[in-house]
Amino acid sequence: MFDPNLLFEQFFNGLQLGLLLFLLAAGLTLVFGIMDMMNLAHGSLYMLGAYVAAQITLWTGSFLLGVAVSLPVILLLGVCLEAGLLRPLYARGHLDQVLATFGMILFFNEFVRLVWGPEGIEVPLPDFLKGNIVIFDIPLPNYRLVVISVGLLVALMMYLLVTRTRTGMLIRAGASNRDMVQALGIDINRVFTLVFGIGAALAALAGALAGPILAVTIGMGENILIQVLVVIVIGGIGSIRGAFVGAMLIGIIDILGRSFLDTFFKLFLPVNAAETAGPAVASMLIYILMAAVLFFKPQGLFPAKTG
Amino acid sequence: MNEIVLEVNGLCKSFGGVLATDHLDLGVEQGSIHAVIGPNGAGKTTLINQLSGLLSSDDGKIQFNRSDITNLSAPARAKMGLARTFQITSVFGEFTALENVSLAVQAHDGHSFKFWHDARGDKFLTEPALEALTIVGLEERQSIKASLMSHGERRQLEIAMALATKPKMLLLDEPMAGMGPEESNRMVSILSQLKGKVTILLIEHDMGAVFSLADKITVLVYGGGIATGTPDQIRANPVVRSAYLGDEDLES
Amino acid sequence: MGNRAQIIIVGTIFVGLGLVPLFAELTQTPFYLDLARRMMILAIGALSLNLIMGYGGLISFGHAAYIGIGAYVVGICAEHELVSGFIQWPLAIIVSGLFAIIFGLISLRTRGVYFIMITLALAQMMYFLGVSLDRYGGDDGLPLIERSNFGAVVDITNNVTLYFIVLGALVLSLLFCKRLINSRFGMVLQGTRSNETRMKTIGFPTLRYQLTAFVIAGMMAGFAGALLANHTDFINPDMMHWTRSGDLIIMVLLGGMGSLAGPVVGALAFILLEELLSGVTEYWQLIFGPFLILVVLFARGGLLGFFANKEQRDE
């Protein structure tokens with residue numbers, strides 16, 4: 001009933017999605033944890049990263065250049081946004097932050113539509129990244145492995161940054177107890193800008209990488225943002241480890257659920273019911289998972305906050 | 001000897017490596033005022049938080065009127081008649097004084113799933129509320145929004161809210177914090193009027209007030225009780241003198 | 001609180017709303033009837049959100065889901081030939097209430113940022129559910145076969161009749177909210193928003209009151225959904241999209257949070273802004289976005305708050 005080849009392939013697909021989600025979740029969970037700020041516009045940074053990378057690729061013919069340029073551009077944009085628009089919002093409540101960043105989403109979506117039109121961009125894959133490699137007789141697209149490798153590399157770098165460097169220690173302290181860090185006399189604003197900048201760069205990277213595989217369109221940010229939020233809730237706000245575990249869980253379960261749930265249902269349900277229930281439940285799967293985790297651990301799997 | 005209303009046995013609480021409450025024993029007699037004093041950081045607020053149910057203890061037992069309340073939630077303890085005030089004033093800023101106290105009355109009235117009738121016109125709420133406000137001397141200020149009241153008035157309001165729940169026992173966390181001499185005197189007279197009618201556990205820094213009001217005093221240092229006794233006994237206790245009172249000459 | 005100013009503004013709005021059908025008839029532009037009717041339905045939705053957000057302090061980013069649920073109940077009933085409004089509408093309210101209980105139990109164990117995200121995620125889950133239900137239109141939506149039938153009592157297939165039913169519903173909703181906020185229950189809700197720890201130490205187990213408010217708000221939104229289905233003659237998963245929830249939050253903010261009639265003013269302002277701006281340029285959200293940010297940063301208290309403050313300053 002379950003084709004092992006398909007299972008293997010979809011597992012890798014899930015891994016890929018999971019790592020993309022991790023790139024987005026890692027930055028966002030720190031913003032939530034350290035700045036206690038509801039930043040809904042994170043998805044817009046992802047979208048802009050994708051568009052910038054795509055445009056550079058189309059102009060220069062080099063995908064690598066596209067990715068490389070989008071990172072500093074979006075990083076700069078993120079830092080400017082943080083210093084200019086978002087800083088006055090830290091002191092305000094979550095409602096204000098939600099509304100202001102919602103306003104930013106509207107603006108950026110429309111801005112993209114103005115500049116690039118409503119159609120979206122197709123990003124062609126460079127030749128050296130096309131093709132498959134064959135593992136266990138199963139062809140896996142090269143690009144997928146590239147994304148997975150980059151994602152794991154970033155995860156490793158984040159781990160080293162957060163656990164081995166002094167900056168990382170500051171970040172962890174800030175996520176755990178922001179007031180304490182301030183009381184120690186550290187300029188918390190610089191920590192905030194740094195954190196936001198890292199988040200923006202990661203979002204841009206995710207967007208640039210996602211370009212060739214998911215669609216570069218308006219609203220792509222919002223679509224993935226919801227899944228990122230689920231990852232953060234499950235992983236625990238402020239925790240990069242949680243973001244990683246949560247992202248892998250969500251990525252794999254979502255993809256496998258969509259591929260195999262109706263087959264699974266057919267084992268004990270009549271075919272018609274299975275074919276309706278399958279896709280319906282598959283689309284709800286990650287939320288059901290979220291509800292289940294919250295039931296036992298309302299603060300997520302690895303909550304960072306102690307103060 | 002009077003009945004023990006609140007009995008604490010071997011209470012322990014740690015935060016990380018810090019022992020905030022160290023095997024504390026305490027017994028408060030009916031109708032008395034039992035003061036808890038100690039230097040800053042001795043764990044006094046932590047103690048009240050455990051007694052009122054906002055903080056769970058690591059070990060030990062808390063008994064209220066002979067029932068074990070160690071694992072009972074804060075609202076449940078309040079319903080049993082254990083009321084508290086906060087060190088940092090905690091009232092409802094947007095509500096008037098009367099509304100603040102009415103809410104406290106409502107909590108113990110038990111009927112809050114009423115969706116239709118105007119609560120502000122409900123005599124069952126406003127009359128007892130006004131009574132409590134009068135005891136603390138705030139009846140003239142009943143229609144003033146709490147956020148517009150002076151600091152001292154808000155401390156009085158806190159007492160009124162605690163009283164409105166017709167409590168069997170009051171846990172008062174530094175009621176005189178931040179008060180000038182006139183306001184402090186008013187507070188002392190309010191509390192001395194309550195003696196005999198309500199059992200009170202009083203945490204305070206104002207030594208003058210403590211020694212004039214308290215029937216019994218427990219001295220808390222680093223989370224543990226180093227001495228318990230009448231004001232005279234405590235004043236004379238050499239361990240207490242060196243740990244806390246220093247060389248101050250204490251007059252009653 | 002600038003009560004007098006509030007009453008005047010709201011009174012004027014309702015008089016205006018009452019005259020819209022006449023105006024639309026005289027100018028032969030049924031478009032205005034449509035627009036005003038939509039505004040009133042959204043106002044009911046915003047009123048229900050204000051209960052939990054303005055008075056309860058719970059920022060729910062998934063409130064539009066309940067509107068969608070109410071609409072789908074009506075649509076699905078009609079699909080199965082259950083067209084009596086006397087059954088559909090109460091059913092819409094009950095079903096939204098049931099979802100609100102479940103979602104409330106999940107969400108209310110959390111606070112702050114978590115709460116916002118969970119309500120967002122749960123609502124989006126409903127959106128995806130709607131999209132995946134091919135039997136009921138899926139992504140394309142479900143046309144309403146026939147409007148809710150109330151027999152001889154009233155015929156809402158007539159657009160003007162439906163208009164006045166909606167107007168009446170809005171007035172009733174406003175009165176309901178007024179009584180609820182000033183009742184004992186309402187006081188508990190407001191106290192919990194103001195200082196939850198204090199409420200617990202007075203003796204209120206706050207969760208049950210918040211959950212009740214959540215369910216009441218959900219049911220009211222479900223009712224708005226039933227009206228919406230009849231208004232558009234079409235039910236669409238887009239009604240439950242999280243950006244619709246964002247619209248509701250904007251309406252509550254624009255009108256003034258925690259003021260009774262604020263949501264009505266906010267809904268009106270929102271609809272008018274939308275119409276005006278989209279008339280100016282196709283890229284109106286380019287202006288609306290920053291406008292929203294400016295309102296958040298500078299106009300606390302929304303429009304009603306602005307007028308109320310003015311009156312206080314003049315006193």
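To find a chain, count down the sequence lines: A is the first, B the second, and so on, and within it residues start at 1. Because the structure is a prediction, the values reported are computed rather than measured. Keep in mind that the numbers below use all heavy atoms, side chains included, and drop hydrogens, waters and symmetry copies.
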Using the six-membered ring wherever Trp is involved, compare the ring planes of A:W116 and A:Y51 and label them parallel, tilted or perpendicular (cut-offs 30° and 60°).
tilted
Can you classify the ring geometry of A:F192 versus A:Y90 as parallel (below 30°), tilted (30 to 60°) or perpendicular (above 60°)?
perpendicular
In terms of heavy-atom pairs under 4.5 Å with chain A, which of [options] leads?
options	value
C:I118, C:V131, C:L105	C:I118
C:I287, C:L286, C:L292	C:L286
C:L129, C:D134, C:L122	C:L129
C:I106, C:I116, C:T110	C:I116

Give a yes or no on this: more than 12 heavy atoms of other residues, nucleotides or ligands lie within 6.0 Å of atom CZ of C:F115.
yes
If you count heavy atoms of other groups shown closer than 6.0 angstrom to CZ of A:R241, is the number above 12?
no
Toward chain C, the part of [X] with a non-hydrogen atom under 4.5 Å:
X	value
A:M290	side chain
A:I286	neither
A:I226	side chain

Is [X] close to chain A through its backbone or its side chain, or both, or neither, when contacts mean heavy atoms under 4.5 Å?
X	value
C:T243	both
C:I59	side chain
C:M53	side chain
C:F291	neither

Looking at C:F288 versus A:F102, is the centre-to-centre ring distance below 6.0 Å?
no
Main chain of [Y], side chain of [X]: is a donor-acceptor contact present, judged purely on distance under 3.5 Å?
X	Y	answer
A:Q10	A:I255	no
A:S239	A:P303	no
A:T101	A:N39	no
C:Y55	C:L260	yes
A:H42	A:A203	no

Taking A:M37, A:Q97, A:H94, A:Q227 one by one, which has the highest count of heavy-atom pairs under 4.5 Å against chain C?
A:H94
Name the option with the most non-hydrogen atom pairs under 4.5 Å to chain C; the candidates are A:L99, A:V230, A:I288, A:I232.
A:L99
The reported gap from CE in C:M240 to CD1 in C:I235 (rounded to nearest 0.5 angstrom) is 10.5 Å
For the CG atom of A:L21 and the CG atom of A:L225, what is their distance to the nearest 0.5 Å?
10.5 Å
Inter-chain contacts: residues 69-80 of chain C against chain A, heavy atoms under 4.5 Å:
none
